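Owing to the predicted nature of the structure, the values given are computational and were not obtained by experimental measurement.
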Amino acid sequence: MRFFTLLLLGMSALCVDLFVREAAALDAFSPNLLVVLLLWLGASRDWTEGALAAAVLGLLNDGFAGSPPGAYMLHAVLLFYVSRALASRVRFQGILGRLPLGIAGALASLFLLALIGRLFLGDTTFTERVVGLLFPRLLVVLVAVPLVFPLLDRVDSLLVRRPDTDLL
Amino acid sequence: MRRTSSPRQAILVGLLLVGTAVGLLVLDRRGRLPPFVREGLMRVLAPVHDGVTAAARGVRHLWSDYLALAGVREENAQLHAEVLQLRQQVADSAGLEQENARLRALLDLGDRRKDLRLRAARVVARSTSPYFRVVKVVLGVGEGEVDEGMPVIAPGGVVGQIRTVSGDRAEVLLVTDPRSAVDVVLERSGARGVAVGTGDADRYAARIEYLKRSEDAVVGDRVLTSGDDGRYPRGLVLGELAKVDTPETGPFSKAELVPGADLGALEEVFVVLGPTGLTADGKQLQRDAPAAIAEPQE
(Lines give C-alpha, C1' and ligand atoms only; values in the text may rest on other atoms or scores of the structure.)
Protein backbone atom coordinates (compact mmCIF):
# COMPACT_ATOMS: atom_id res chain seq x y z
CA MET A 1 0.00 0.00 0.00
CA ARG A 2 1.36 3.39 -0.85
CA PHE A 3 2.36 5.76 1.89
CA PHE A 4 -0.23 8.32 0.81
CA THR A 5 -2.98 5.71 1.10
CA LEU A 6 -1.89 4.98 4.67
CA LEU A 7 -2.18 8.67 5.47
CA LEU A 8 -5.63 8.80 3.88
CA LEU A 9 -6.74 5.83 5.98
CA GLY A 10 -5.38 7.51 9.09
CA MET A 11 -7.16 10.77 8.28
CA SER A 12 -10.35 8.80 7.74
CA ALA A 13 -9.95 7.18 11.17
CA LEU A 14 -9.46 10.60 12.75
CA CYS A 15 -12.49 11.99 10.91
CA VAL A 16 -14.65 9.05 12.05
CA ASP A 17 -13.51 9.74 15.62
CA LEU A 18 -14.42 13.40 15.31
CA PHE A 19 -17.76 12.63 13.64
CA VAL A 20 -18.82 10.10 16.28
CA ARG A 21 -17.77 12.42 19.10
CA GLU A 22 -19.74 15.36 17.71
CA ALA A 23 -22.78 13.47 16.37
CA ALA A 24 -23.28 11.60 19.64
CA ALA A 25 -22.29 14.66 21.71
CA LEU A 26 -19.68 12.59 23.54
CA ASP A 27 -17.67 14.71 25.90
CA ALA A 28 -15.85 12.13 27.92
CA PHE A 29 -14.90 9.63 25.27
CA SER A 30 -13.73 9.21 21.70
CA PRO A 31 -13.38 5.83 19.97
CA ASN A 32 -9.77 6.49 18.95
CA LEU A 33 -9.77 4.31 15.84
CA LEU A 34 -6.26 5.55 15.05
CA VAL A 35 -4.97 3.12 17.69
CA VAL A 36 -6.52 0.24 15.74
CA LEU A 37 -4.87 1.46 12.54
CA LEU A 38 -1.50 1.81 14.29
CA LEU A 39 -1.78 -1.75 15.59
CA TRP A 40 -2.55 -2.95 12.09
CA LEU A 41 0.43 -1.01 10.76
CA GLY A 42 2.59 -2.79 13.32
CA ALA A 43 1.24 -6.16 12.30
CA SER A 44 1.60 -5.65 8.58
CA ARG A 45 4.04 -2.92 7.60
CA ASP A 46 7.75 -2.53 7.32
CA TRP A 47 9.56 -0.77 10.21
CA THR A 48 10.51 2.41 8.36
CA GLU A 49 7.36 2.92 6.31
CA GLY A 50 5.12 2.18 9.31
CA ALA A 51 7.06 4.41 11.69
CA LEU A 52 6.96 7.36 9.28
CA ALA A 53 3.22 6.92 8.71
CA ALA A 54 2.64 6.62 12.47
CA ALA A 55 4.61 9.83 13.10
CA VAL A 56 2.67 11.86 10.54
CA LEU A 57 -0.68 10.51 11.73
CA GLY A 58 0.26 11.19 15.35
CA LEU A 59 1.12 14.79 14.49
CA LEU A 60 -2.21 15.20 12.67
CA ASN A 61 -3.92 13.79 15.76
CA ASP A 62 -2.15 16.47 17.80
CA GLY A 63 -3.67 19.05 15.49
CA PHE A 64 -7.17 17.66 15.88
CA ALA A 65 -6.86 17.22 19.64
CA GLY A 66 -5.24 20.55 20.47
CA SER A 67 -2.64 18.65 22.48
CA PRO A 68 0.97 19.86 22.70
CA PRO A 69 2.52 19.06 19.29
CA GLY A 70 4.54 15.88 19.67
CA ALA A 71 2.38 14.24 22.34
CA TYR A 72 0.28 12.04 20.10
CA MET A 73 3.14 11.84 17.59
CA LEU A 74 5.38 10.25 20.22
CA HIS A 75 2.51 8.02 21.32
CA ALA A 76 1.86 6.84 17.75
CA VAL A 77 5.51 6.10 16.95
CA LEU A 78 6.08 4.20 20.19
CA LEU A 79 2.82 2.29 19.80
CA PHE A 80 3.80 1.32 16.26
CA TYR A 81 7.17 0.02 17.50
CA VAL A 82 5.52 -1.95 20.33
CA SER A 83 3.00 -3.45 17.93
CA ARG A 84 5.68 -4.20 15.32
CA ALA A 85 7.92 -5.83 17.90
CA LEU A 86 5.03 -7.97 19.15
CA ALA A 87 3.99 -8.96 15.65
CA SER A 88 7.55 -9.89 14.68
CA ARG A 89 7.76 -12.34 17.58
CA VAL A 90 4.27 -13.80 17.64
CA ARG A 91 2.27 -14.79 14.58
CA PHE A 92 -1.21 -13.32 14.90
CA GLN A 93 -3.59 -14.99 12.47
CA GLY A 94 -7.35 -15.02 12.07
CA ILE A 95 -9.82 -12.89 13.94
CA LEU A 96 -9.37 -14.60 17.30
CA GLY A 97 -5.63 -14.69 16.88
CA ARG A 98 -5.49 -10.96 16.40
CA LEU A 99 -7.55 -10.10 19.46
CA PRO A 100 -4.60 -10.62 21.85
CA LEU A 101 -2.63 -8.14 19.73
CA GLY A 102 -5.55 -5.71 20.01
CA ILE A 103 -5.80 -6.09 23.78
CA ALA A 104 -2.03 -5.83 24.29
CA GLY A 105 -1.95 -2.83 21.95
CA ALA A 106 -4.82 -1.03 23.70
CA LEU A 107 -3.13 -1.54 27.08
CA ALA A 108 0.21 -0.39 25.67
CA SER A 109 -1.50 2.65 24.15
CA LEU A 110 -2.97 3.72 27.49
CA PHE A 111 0.30 3.03 29.29
CA LEU A 112 2.23 5.13 26.77
CA LEU A 113 -0.27 7.98 27.02
CA ALA A 114 0.01 7.96 30.80
CA LEU A 115 3.79 7.88 30.57
CA ILE A 116 3.91 10.78 28.11
CA GLY A 117 1.48 12.75 30.27
CA ARG A 118 3.63 12.20 33.33
CA LEU A 119 7.01 12.84 31.70
CA PHE A 120 6.30 15.66 29.27
CA LEU A 121 3.02 17.36 30.10
CA GLY A 122 3.65 17.86 33.82
CA ASP A 123 0.05 16.83 34.40
CA THR A 124 -0.27 14.95 37.67
CA THR A 125 -3.83 13.76 37.02
CA PHE A 126 -3.24 12.55 33.47
CA THR A 127 -2.61 8.92 34.50
CA GLU A 128 -5.83 8.86 36.48
CA ARG A 129 -7.82 10.13 33.52
CA VAL A 130 -6.19 7.68 31.13
CA VAL A 131 -6.95 4.75 33.45
CA GLY A 132 -10.54 5.99 33.69
CA LEU A 133 -10.99 5.21 30.00
CA LEU A 134 -9.41 1.74 30.20
CA PHE A 135 -12.56 -0.33 29.70
CA PRO A 136 -14.24 1.76 27.00
CA ARG A 137 -11.00 1.82 25.03
CA LEU A 138 -10.52 -1.95 25.40
CA LEU A 139 -14.08 -2.49 24.27
CA VAL A 140 -13.59 -0.36 21.15
CA VAL A 141 -10.44 -2.29 20.22
CA LEU A 142 -12.12 -5.65 20.86
CA VAL A 143 -14.99 -4.70 18.56
CA ALA A 144 -12.92 -2.86 15.95
CA VAL A 145 -10.00 -5.27 15.47
CA PRO A 146 -12.06 -8.16 14.02
CA LEU A 147 -13.90 -5.74 11.74
CA VAL A 148 -11.18 -3.33 10.70
CA PHE A 149 -8.16 -5.62 10.33
CA PRO A 150 -9.70 -7.82 7.59
CA LEU A 151 -10.93 -4.70 5.82
CA LEU A 152 -7.47 -3.14 5.90
CA ASP A 153 -5.92 -6.44 4.76
CA ARG A 154 -8.31 -6.47 1.82
CA VAL A 155 -7.53 -2.87 0.86
CA ASP A 156 -3.83 -3.63 1.26
CA SER A 157 -3.99 -6.66 -1.01
CA LEU A 158 -5.80 -4.62 -3.64
CA LEU A 159 -3.31 -1.78 -3.58
CA VAL A 160 -0.02 -3.56 -3.08
CA ARG A 161 2.34 -3.31 -6.02
CA ARG A 162 3.07 -6.70 -7.51
CA PRO A 163 6.16 -7.54 -9.60
CA ASP A 164 5.53 -7.25 -13.31
CA THR A 165 4.76 -10.56 -14.93
CA ASP A 166 5.74 -11.45 -18.43
CA LEU A 167 2.49 -12.12 -20.20
CA LEU A 168 4.26 -13.85 -23.03
CA MET B 1 7.72 -6.57 -3.99
CA ARG B 2 7.59 -4.97 -0.55
CA ARG B 3 10.84 -3.42 0.57
CA THR B 4 12.04 -4.28 4.06
CA SER B 5 14.30 -1.95 5.97
CA SER B 6 17.43 -3.13 7.72
CA PRO B 7 17.44 -3.24 11.56
CA ARG B 8 19.93 -0.38 11.58
CA GLN B 9 17.73 1.77 9.38
CA ALA B 10 14.68 0.94 11.52
CA ILE B 11 16.48 2.00 14.70
CA LEU B 12 17.79 5.19 13.12
CA VAL B 13 14.36 6.21 11.82
CA GLY B 14 12.81 5.37 15.19
CA LEU B 15 15.34 7.46 17.09
CA LEU B 16 14.90 10.35 14.68
CA LEU B 17 11.11 10.33 15.00
CA VAL B 18 11.09 9.88 18.77
CA GLY B 19 13.71 12.64 19.06
CA THR B 20 11.59 14.96 16.92
CA ALA B 21 8.47 14.32 18.98
CA VAL B 22 10.31 14.76 22.28
CA GLY B 23 11.94 17.92 20.94
CA LEU B 24 8.54 19.37 20.03
CA LEU B 25 7.15 18.51 23.47
CA VAL B 26 10.08 20.02 25.32
CA LEU B 27 10.01 23.20 23.23
CA ASP B 28 6.25 23.52 23.76
CA ARG B 29 6.62 23.03 27.52
CA ARG B 30 9.26 25.76 27.65
CA GLY B 31 7.17 28.06 25.47
CA ARG B 32 9.80 28.07 22.74
CA LEU B 33 7.94 26.14 20.09
CA PRO B 34 8.05 28.11 16.82
CA PRO B 35 4.49 29.34 16.21
CA PHE B 36 4.44 27.99 12.66
CA VAL B 37 4.21 24.41 13.97
CA ARG B 38 0.83 24.86 15.65
CA GLU B 39 -0.35 27.41 13.10
CA GLY B 40 0.58 25.12 10.23
CA LEU B 41 -1.25 22.19 11.78
CA MET B 42 -4.29 24.35 12.39
CA ARG B 43 -4.25 25.75 8.86
CA VAL B 44 -3.96 22.31 7.27
CA LEU B 45 -6.61 20.64 9.42
CA ALA B 46 -9.11 23.49 9.82
CA PRO B 47 -11.21 22.75 6.70
CA VAL B 48 -11.48 19.05 7.58
CA HIS B 49 -12.10 19.73 11.27
CA ASP B 50 -14.80 22.33 10.57
CA GLY B 51 -16.42 20.29 7.79
CA VAL B 52 -16.67 17.05 9.77
CA THR B 53 -17.88 18.91 12.86
CA ALA B 54 -20.58 20.71 10.86
CA ALA B 55 -21.69 17.46 9.23
CA ALA B 56 -21.82 15.65 12.57
CA ARG B 57 -23.81 18.45 14.18
CA GLY B 58 -26.18 18.39 11.21
CA VAL B 59 -26.75 14.67 11.72
CA ARG B 60 -27.30 15.20 15.43
CA HIS B 61 -29.89 17.90 14.82
CA LEU B 62 -31.56 15.87 12.09
CA TRP B 63 -31.85 12.96 14.48
CA SER B 64 -33.33 14.97 17.32
CA ASP B 65 -35.58 17.13 15.15
CA TYR B 66 -36.89 14.64 12.68
CA LEU B 67 -36.04 10.98 13.03
CA ALA B 68 -37.14 10.80 16.63
CA LEU B 69 -40.62 11.69 15.44
CA ALA B 70 -40.77 9.05 12.71
CA GLY B 71 -42.68 6.54 14.86
CA VAL B 72 -45.44 9.02 15.58
CA ARG B 73 -45.94 9.75 11.91
CA GLU B 74 -46.78 6.13 11.25
CA GLU B 75 -49.73 6.41 13.63
CA ASN B 76 -51.34 9.31 11.93
CA ALA B 77 -49.65 10.66 8.85
CA GLN B 78 -51.82 13.67 8.30
CA LEU B 79 -51.96 14.71 11.91
CA HIS B 80 -48.29 14.14 12.27
CA ALA B 81 -47.44 16.23 9.24
CA GLU B 82 -49.36 19.03 10.85
CA VAL B 83 -47.65 18.45 14.17
CA LEU B 84 -44.28 18.32 12.47
CA GLN B 85 -44.97 21.58 10.74
CA LEU B 86 -46.04 23.21 13.96
CA ARG B 87 -43.15 21.74 15.85
CA GLN B 88 -40.77 22.92 13.22
CA GLN B 89 -42.19 26.40 13.59
CA VAL B 90 -41.91 26.17 17.35
CA ALA B 91 -38.41 24.74 17.10
CA ASP B 92 -37.43 27.46 14.66
CA SER B 93 -38.79 30.18 16.87
CA ALA B 94 -37.32 28.53 19.97
CA GLY B 95 -33.98 28.26 18.20
CA LEU B 96 -34.19 31.87 17.11
CA GLU B 97 -35.21 32.88 20.61
CA GLN B 98 -32.25 30.99 22.07
CA GLU B 99 -29.91 32.51 19.55
CA ASN B 100 -31.41 35.89 20.26
CA ALA B 101 -30.93 35.43 23.99
CA ARG B 102 -27.34 34.30 23.47
CA LEU B 103 -26.51 37.24 21.27
CA ARG B 104 -28.31 39.62 23.64
CA ALA B 105 -26.28 38.23 26.53
CA LEU B 106 -23.17 38.72 24.45
CA LEU B 107 -24.13 42.32 23.69
CA ASP B 108 -24.94 42.89 27.36
CA LEU B 109 -21.52 41.61 28.26
CA GLY B 110 -19.96 44.07 25.83
CA ASP B 111 -22.05 46.87 27.39
CA ARG B 112 -21.18 45.83 30.93
CA ARG B 113 -17.46 45.69 30.25
CA LYS B 114 -16.69 48.99 28.59
CA ASP B 115 -13.25 48.79 30.18
CA LEU B 116 -12.32 45.94 27.84
CA ARG B 117 -11.70 45.94 24.09
CA LEU B 118 -13.52 42.85 22.86
CA ARG B 119 -13.62 40.95 19.59
CA ALA B 120 -16.36 38.41 18.96
CA ALA B 121 -15.64 34.86 17.84
CA ARG B 122 -17.73 31.81 16.97
CA VAL B 123 -16.90 28.35 18.31
CA VAL B 124 -16.65 25.92 15.38
CA ALA B 125 -15.02 22.77 16.73
CA ARG B 126 -13.76 20.97 19.83
CA SER B 127 -10.74 18.84 20.59
CA THR B 128 -11.04 15.23 19.44
CA SER B 129 -9.28 14.00 22.57
CA PRO B 130 -11.02 13.62 25.91
CA TYR B 131 -7.71 14.41 27.63
CA PHE B 132 -7.36 17.97 26.36
CA ARG B 133 -9.89 20.79 26.73
CA VAL B 134 -9.52 22.97 23.68
CA VAL B 135 -12.02 24.62 21.32
CA LYS B 136 -11.42 26.19 17.92
CA VAL B 137 -12.98 29.51 17.03
CA VAL B 138 -13.40 31.66 13.96
CA LEU B 139 -12.76 35.31 14.77
CA GLY B 140 -15.43 37.81 13.86
CA VAL B 141 -14.80 40.83 11.71
CA GLY B 142 -13.46 43.58 13.89
CA GLU B 143 -10.54 45.73 14.75
CA GLY B 144 -7.69 44.56 16.86
CA GLU B 145 -5.18 41.79 16.44
CA VAL B 146 -5.67 38.60 18.40
CA ASP B 147 -2.55 37.17 20.03
CA GLU B 148 -1.54 34.12 22.01
CA GLY B 149 -2.42 34.36 25.69
CA MET B 150 -5.35 36.76 25.29
CA PRO B 151 -8.29 35.91 27.58
CA VAL B 152 -11.54 34.63 26.14
CA ILE B 153 -14.83 35.28 27.91
CA ALA B 154 -18.51 34.46 27.47
CA PRO B 155 -21.61 35.90 29.16
CA GLY B 156 -21.37 33.30 31.96
CA GLY B 157 -17.75 33.98 32.74
CA VAL B 158 -14.17 33.28 31.72
CA VAL B 159 -13.74 30.63 29.02
CA GLY B 160 -9.96 30.39 28.68
CA GLN B 161 -7.10 31.91 26.73
CA ILE B 162 -5.93 31.98 23.12
CA ARG B 163 -3.35 29.29 22.47
CA THR B 164 -2.70 29.62 18.74
CA VAL B 165 -3.81 32.05 16.05
CA SER B 166 -3.75 31.33 12.35
CA GLY B 167 -5.47 33.88 10.09
CA ASP B 168 -9.06 34.28 11.25
CA ARG B 169 -8.92 31.08 13.30
CA ALA B 170 -7.72 30.52 16.82
CA GLU B 171 -7.42 27.73 19.32
CA VAL B 172 -8.69 28.43 22.85
CA LEU B 173 -7.31 26.58 25.86
CA LEU B 174 -10.25 26.24 28.26
CA VAL B 175 -9.87 27.03 31.94
CA THR B 176 -10.68 23.38 32.69
CA ASP B 177 -7.63 22.10 30.79
CA PRO B 178 -4.84 21.05 33.16
CA ARG B 179 -2.43 23.34 31.29
CA SER B 180 -4.51 26.37 32.32
CA ALA B 181 -3.81 28.34 35.52
CA VAL B 182 -5.70 31.50 36.55
CA ASP B 183 -4.92 33.66 39.57
CA VAL B 184 -8.23 34.01 41.44
CA VAL B 185 -9.85 35.65 44.42
CA LEU B 186 -13.04 34.70 46.26
CA GLU B 187 -15.50 37.58 45.94
CA ARG B 188 -16.93 37.28 49.48
CA SER B 189 -13.83 36.76 51.60
CA GLY B 190 -11.02 37.95 49.36
CA ALA B 191 -9.18 34.64 49.77
CA ARG B 192 -6.60 34.02 47.05
CA GLY B 193 -5.67 30.96 45.03
CA VAL B 194 -4.82 29.61 41.61
CA ALA B 195 -7.49 27.84 39.53
CA VAL B 196 -6.00 24.93 37.62
CA GLY B 197 -8.13 22.85 35.24
CA THR B 198 -8.85 19.29 36.33
CA GLY B 199 -9.00 18.03 32.75
CA ASP B 200 -11.66 15.55 33.81
CA ALA B 201 -13.18 13.84 30.80
CA ASP B 202 -16.71 13.66 32.15
CA ARG B 203 -17.17 17.21 33.44
CA TYR B 204 -15.84 20.74 33.26
CA ALA B 205 -14.17 21.78 36.51
CA ALA B 206 -11.07 23.40 37.98
CA ARG B 207 -9.45 22.99 41.37
CA ILE B 208 -8.25 25.92 43.45
CA GLU B 209 -4.69 25.49 44.55
CA TYR B 210 -2.85 27.42 47.27
CA LEU B 211 -6.09 28.36 49.05
CA LYS B 212 -4.94 28.85 52.65
CA ARG B 213 -6.81 26.68 55.17
CA SER B 214 -7.23 29.70 57.43
CA GLU B 215 -9.16 31.54 54.70
CA ASP B 216 -12.93 31.69 54.63
CA ALA B 217 -14.27 29.66 51.72
CA VAL B 218 -17.67 27.99 51.42
CA VAL B 219 -19.52 26.19 48.67
CA GLY B 220 -21.31 28.70 46.45
CA ASP B 221 -18.68 31.45 46.80
CA ARG B 222 -18.14 33.30 43.55
CA VAL B 223 -14.63 33.03 42.17
CA LEU B 224 -13.26 36.03 40.28
CA THR B 225 -10.03 36.66 38.43
CA SER B 226 -7.59 38.65 40.58
CA GLY B 227 -5.79 40.26 37.65
CA ASP B 228 -2.44 39.51 39.25
CA ASP B 229 -1.36 36.93 36.70
CA GLY B 230 -0.99 39.67 34.12
CA ARG B 231 -3.20 37.78 31.71
CA TYR B 232 -6.81 37.92 32.86
CA PRO B 233 -8.32 41.32 33.72
CA ARG B 234 -9.43 41.79 37.30
CA GLY B 235 -13.00 41.03 38.35
CA LEU B 236 -14.12 38.54 35.69
CA VAL B 237 -16.32 35.74 37.01
CA LEU B 238 -14.65 32.37 36.68
CA GLY B 239 -17.31 30.29 38.45
CA GLU B 240 -18.59 29.13 41.80
CA LEU B 241 -17.04 26.94 44.44
CA ALA B 242 -18.64 23.49 44.22
CA LYS B 243 -16.55 21.72 46.84
CA VAL B 244 -14.40 22.84 49.75
CA ASP B 245 -12.42 20.39 51.80
CA THR B 246 -10.17 21.53 54.62
CA PRO B 247 -7.87 18.68 55.61
CA GLU B 248 -6.75 18.07 59.21
CA THR B 249 -3.18 18.90 58.33
CA GLY B 250 -1.37 20.88 55.67
CA PRO B 251 -1.38 24.59 54.88
CA PHE B 252 -3.98 24.55 52.10
CA SER B 253 -7.64 23.69 51.64
CA LYS B 254 -8.80 21.70 48.66
CA ALA B 255 -11.51 23.41 46.65
CA GLU B 256 -13.12 22.89 43.31
CA LEU B 257 -15.05 25.29 41.11
CA VAL B 258 -17.61 24.87 38.38
CA PRO B 259 -17.10 27.41 35.56
CA GLY B 260 -19.77 30.06 35.18
CA ALA B 261 -19.69 29.78 31.39
CA ASP B 262 -21.32 26.66 29.96
CA LEU B 263 -18.14 25.29 28.40
CA GLY B 264 -19.91 22.24 26.99
CA ALA B 265 -22.25 24.34 24.87
CA LEU B 266 -20.18 27.33 23.84
CA GLU B 267 -21.31 29.05 20.66
CA GLU B 268 -20.17 32.67 20.74
CA VAL B 269 -17.37 34.16 22.81
CA PHE B 270 -15.37 37.37 23.14
CA VAL B 271 -11.61 37.68 22.94
CA VAL B 272 -10.32 40.34 25.32
CA LEU B 273 -7.88 42.43 23.29
CA GLY B 274 -6.93 44.78 26.11
CA PRO B 275 -8.14 47.73 28.17
CA THR B 276 -10.08 50.60 26.58
CA GLY B 277 -8.97 53.23 29.06
CA LEU B 278 -12.52 53.49 30.39
CA THR B 279 -14.09 52.12 33.55
CA ALA B 280 -16.48 49.17 33.33
CA ASP B 281 -19.46 51.55 33.11
CA GLY B 282 -17.88 53.65 30.39
CA LYS B 283 -16.44 56.59 32.35
CA GLN B 284 -13.06 58.00 31.45
CA LEU B 285 -10.34 56.51 33.61
CA GLN B 286 -8.47 59.27 35.46
CA ARG B 287 -4.72 59.07 35.26
CA ASP B 288 -4.02 60.11 38.85
CA ALA B 289 -6.82 58.09 40.36
CA PRO B 290 -6.11 54.57 41.62
CA ALA B 291 -6.71 51.86 39.03
CA ALA B 292 -10.40 51.23 38.57
CA ILE B 293 -11.72 48.09 40.06
CA ALA B 294 -13.77 46.40 37.42
CA GLU B 295 -17.25 45.46 38.47
CA PRO B 296 -17.71 41.74 38.45
CA GLN B 297 -20.01 40.39 35.78
CA GLU B 298 -23.51 39.39 36.75
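Comparing Thr53(B), Val196(B), Val135(B), Val44(B) by heavy-atom pairs within less than 4.5 Å of chain A, the highest count is held by Thr53(B). The candidate from Val130(A), Val20(A), Leu113(A), Asn32(A) with the greatest count of non-hydrogen atom pairs under 4.5 Å with chain B is Val130(A). For the set Gly63(A), Gly50(A), Ala23(A), the entry with the most heavy-atom pairs within less than 4.5 Å of chain B is Ala23(A).
Proximity to chain A involves both the backbone and the side chain of Val13(B), based on heavy atoms less than 4.5 angstrom apart. For Tyr72(A), the part lying near chain B is the side chain, with the backbone staying farther off; criterion is any non-hydrogen pair under 4.5 Å. If you measure heavy-atom distances from Ala51(A) to chain B, the contacts under 4.5 Å come from both the backbone and the side chain. Of the atoms belonging to Leu133(A), it is side-chain heavy atoms, and not backbone ones, that fall under 4.5 Å from chain B. Residue Leu52(A) touches chain B through both its backbone and its side chain, counting heavy-atom pairs closer than 4.5 Å. Looking at Thr198(B), only its backbone comes within 4.5 Å of chain A, counting heavy atoms on both sides. Neither the backbone nor the side chain of Arg30(B) comes within contact range of chain A; no heavy atom of the residue lies under 4.5 Å from a heavy atom of that chain. For Val16(A), no part lies under 4.5 angstrom from a heavy atom of chain B. At a 4.5 Å heavy-atom cutoff, the contact between Leu33(B) and chain A is made by side-chain atoms alone. Both the backbone and the side chain of Asp200(B) come within less than 4.5 Å of a heavy atom of chain A. Using a 4.5 Å cut-off between heavy atoms, Leu78(A) touches chain B through its side chain atoms alone. Heavy-atom distances place both the backbone and the side chain of Val52(B) under 4.5 Å from chain A.
Nearest heavy atom pair, residue Ala21(B) against residue Gly70(A), reads CB-O, 3.7 Å. Closest approach of Glu171(B) and Gly66(A) over heavy atoms only: OE1-CA, 4.0 Å. For Pro68(A) against Arg179(B), the heavy-atom pair with the smallest separation is CD-NH1, 3.4 Å. Contact between Met73(A) and Leu24(B) at its shortest, heavy atoms only, is SD-CD1, 4.0 Å. Summarising the geometry of Trp47(A) relative to Ala10(B), their closest heavy-atom pair is CB-CB, 3.4 Å, with the distance given to 0.1 Å. Nearest heavy atom pair, residue Arg29(B) against residue Leu119(A), reads NH1-O, 4.2 Å.
Sparse packing is recorded around CZ of Arg118(A), with 12 or fewer heavy atoms of other residues, nucleotides or ligands lying under 6.0 Å away. More than 12 heavy atoms of other residues, nucleotides or ligands lie within 6.0 Å of CZ in Phe19(A), so this atom counts as buried by the packing criterion. When the shell of 6.0 Å around CZ of Arg122(B) is examined, it contains 12 or fewer heavy atoms from other residues, nucleotides or ligands.
Residues Leu45(B) and Met11(A) are in side-chain contact: their nearest non-hydrogen atoms beyond the backbone lie under 4.5 Å apart. Side-chain contact between Tyr81(A) and Val18(B): absent, with no pair of heavy atoms (C-beta onward) separated by less than 4.5 Å. Using a 4.5 Å heavy-atom cutoff, the side chains of Tyr131(B) and Arg129(A) are in contact. Counting heavy atoms from C-beta on, the side chains of Leu59(A) and Leu41(B) come closer than 4.5 Å. Side-chain contact check for Leu25(B) versus Ile116(A): some heavy-atom pair is nearer than 4.5 Å.
In this structure, Arg126(B) contributes its side chain and Glu22(A) its backbone to no donor-acceptor pair below 3.5 Å.
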side-chain contact (heavy atoms from CB on, under 4.5 Å) evaluation trace for Asp28(B) with Phe120(A) | CA-CA 10 Å; Asp28(B) 187 68; Phe120(A) 297 107; over 6 Å; no

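Sorted by first and then second residue, the side-chain hydrogen bond (donor to acceptor under 3.5 Å, both in side chains) pairs with a member in residues 103-117 of chain A read His75(A)-Ser109(A); sequence neighbours excluded.
Here the CG atom belonging to Leu14(A) is positioned 10.0 Å from the NE2 atom belonging to His49(B), to the nearest 0.5 angstrom. Distance check: Asp62(A) CG to Ser127(B) OG gives 10.0 Å after rounding to the nearest 0.5 Å.
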